[in-house]
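Before any comments, here is the structure.
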Protein chains: 2
Amino acid sequence: MVKTGETVKKLSRKGYRLTPQRLMILEAVDGADDHISAEEIYAQVCDQYPNLNISTVYRTLELLKELELVTETDLGDGRVRYHNIKKGHHHHLVCHRCGNIIDMDEAVLSPLKAALLMQYGFNAELRHLAIFGLCKECK
Amino acid sequence: MVKTGETVKKLSRKGYRLTPQRLMILEAVDGADDHISAEEIYAQVCDQYPNLNISTVYRTLELLKELELVTETDLGDGRVRYHNIKKGHHHHLVCHRCGNIIDMDEAVLSPLKAALLMQYGFNAELRHLAIFGLCKECK
DNA sequence: TATGCAGATGCAAGGGGTTGCAATTGCCAA
DNA sequence: TTGGCAATTGCAACCCCTTGCATCTGCATA
Ligand SMILES: [Zn+2]
Ligand SMILES: [Zn+2]
Ligand SMILES: [Zn+2]
Ligand SMILES: [Zn+2]
């Protein structure tokens with residue numbers, strides 16, 4: 001799914017380079033079936049390039065967020081998770097009793113976004129959110 | 001604002017004690033004008049009781065949350081902040097360009113809460129939230 | 001009052017993530 | 001080709017917070 005040409009363009013437009021490390025990290029995010037953590041990316045890339053440092057992973061993820069190539073979310077388990085932005089915008093409802101995670105369409109938050117803009121002139125970034133509470137079974 | 005008698009009752013109902021450390025920590029949260037961080041609580045209480053350990057502060061804050069005596073929120077500056085739950089339910093809109101923080105009434109999120117309950121049977125805990133984005137000036 | 005026992009604390013180590021710095025890399029212009 | 005220079009990296013130290021463990025505290029019961 002990584003289109004190297006486009007990625008290079010997006011990076012170089014801001015004076016950044018597509019280094020081997022960055023490419024491998026992006027591929028790891030891309031190849032993951034689910035949300036992947038920095039530590040998991042690190043372990044995976046280390047298999048082919050053991051020199052990689054974990055701080056490079058974090059810095060790269062920061063960069064990829066900035067370029068809107070990946071999104072992050074914190075599902076409440078003490079680490080942030082990432083996925084390619086092309087996997088579609090969505091949010092999660094996290095039950096903190098049973099741990100169940102319900103996927104939720106982006107549209108559910110549209111009225112809130114509109115209300116915040118209307119009432120406060122605030123342009124909320126409601127991207128890949130996790131909302132905590134109790135699910136149907138645990139209520 | 002700390003009512004020792006009531007607090008003791010709330011604690012002992014679950015088999016917990018109101019230790020001097022816990023009382024001092026609660027008083028620090030209570031006496032703060034604004035949202036206060038664990039480190040600030042620690043520094044403040046240490047003035048009168050230098051033996052206090054930072055992990056006791058964190059454990060106590062966890063307990064006070066559980067008993068619904070304090071709420072926490074993460075305003076995006078890399079540390080969690082707390083205040084007494086009696087200061088009223090509210091949320092914050094945080095501009096991540098200029099850093100401006102707009103206070104927001106609880107009611108703004110009521111429609112969302114209702115929608116989540118209706119559509120997903122999910123009972124969301126939307127308590128003392130921070131929503132990030134761009135304020136009117138920075139848009 | 002003496003004994004038992006769960007709750008609470010201090011301490012040190014650990015986990016996830018960030019940052020300052022010096023060394024390295026790779027583009028670009030001469 | 002060769003410097004020059006900014007971007008990038010690895011490394012180590014640090015920050016915020018959590019956790020395992022041994023010690024200590026204080027209520028309850030006999
Ligand atoms: Zn997701
Ligand atoms: Zn549940
Ligand atoms: Zn607040
Ligand atoms: Zn702003």
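Numbers restart at 1 for each chain; the letters A, B, ... are given by sequence-line order, proteins then strands. Keep in mind that what you see is a predicted model, and the values were worked out from it rather than measured. These numbers come from the heavy atoms of this one structure, side chains and all, not from hydrogens, waters or symmetry mates.
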**Request:** Classify the nucleic acid contact of B:Y49 as base, sugar-phosphate or nothing, counting any heavy atom under 4.0 Å across all strands shown.
**Result:** sugar-phosphate
**Request:** Mind checking A:R59 for me? I need base, sugar-phosphate or nothing, with any heavy atom below 4.0 Å counting as a touch.
**Result:** base
**Item:** Interatomic distance where CG belongs to A:L18 and P belongs to D:dT9 [whole Å]
**Value:** 10 Å
**Prompt:** Tell me: CZ of A:R81 to P of C:dG15, nearest whole Å?
**Reply:** 16 Å
**Item:** Sugar-phosphate only, base, or nothing, as touched by A:I54 at under 4.0 Å among non-hydrogen atoms
**Value:** nothing
**Rounded distance (Å) that lies between atom P of C:dG16 and atom OH of B:Y58** = 17 Å
**Request:** Looking at every strand, decide which applies to B:R17 at a 4.0 Å heavy-atom threshold: base, sugar-phosphate, or nothing.
**Result:** base
**Prompt:** When the ring planes of A:F132 and A:H96 are compared, do they come out parallel, tilted or perpendicular, using 30° and 60° as the limits?
**Reply:** parallel
**Item:** Pairwise 5' ranking along DNA chain D for A:L63 and B:S37, keeping only the more 5' one
**Value:** A:L63
**Request:** Determine the interplanar angle of the B:H128 and B:H35 rings, folded into 0 to 90°, and report it as parallel if under 30°, tilted if 30 to 60°, perpendicular if over 60°.
**Result:** parallel
**Message:** Classify B:Q21 by what it touches in the nucleic acid, base, sugar-phosphate, or nothing, heavy-atom distance under 4.0 Å.
**Reply:** sugar-phosphate
**Message:** If the threshold is 4.0 Å, N to carboxylate O, is there a salt bridge linking A:E72 and A:K65?
**Reply:** yes
**Asked** A:Y16 OH to D:dA6 C1': how many Å, rounded?
**Response** 12 Å
**Message:** Any salt bridge linking A:E40 with A:R79? Criterion: basic side-chain nitrogen under 4.0 Å from a carboxylate oxygen.
**Reply:** no
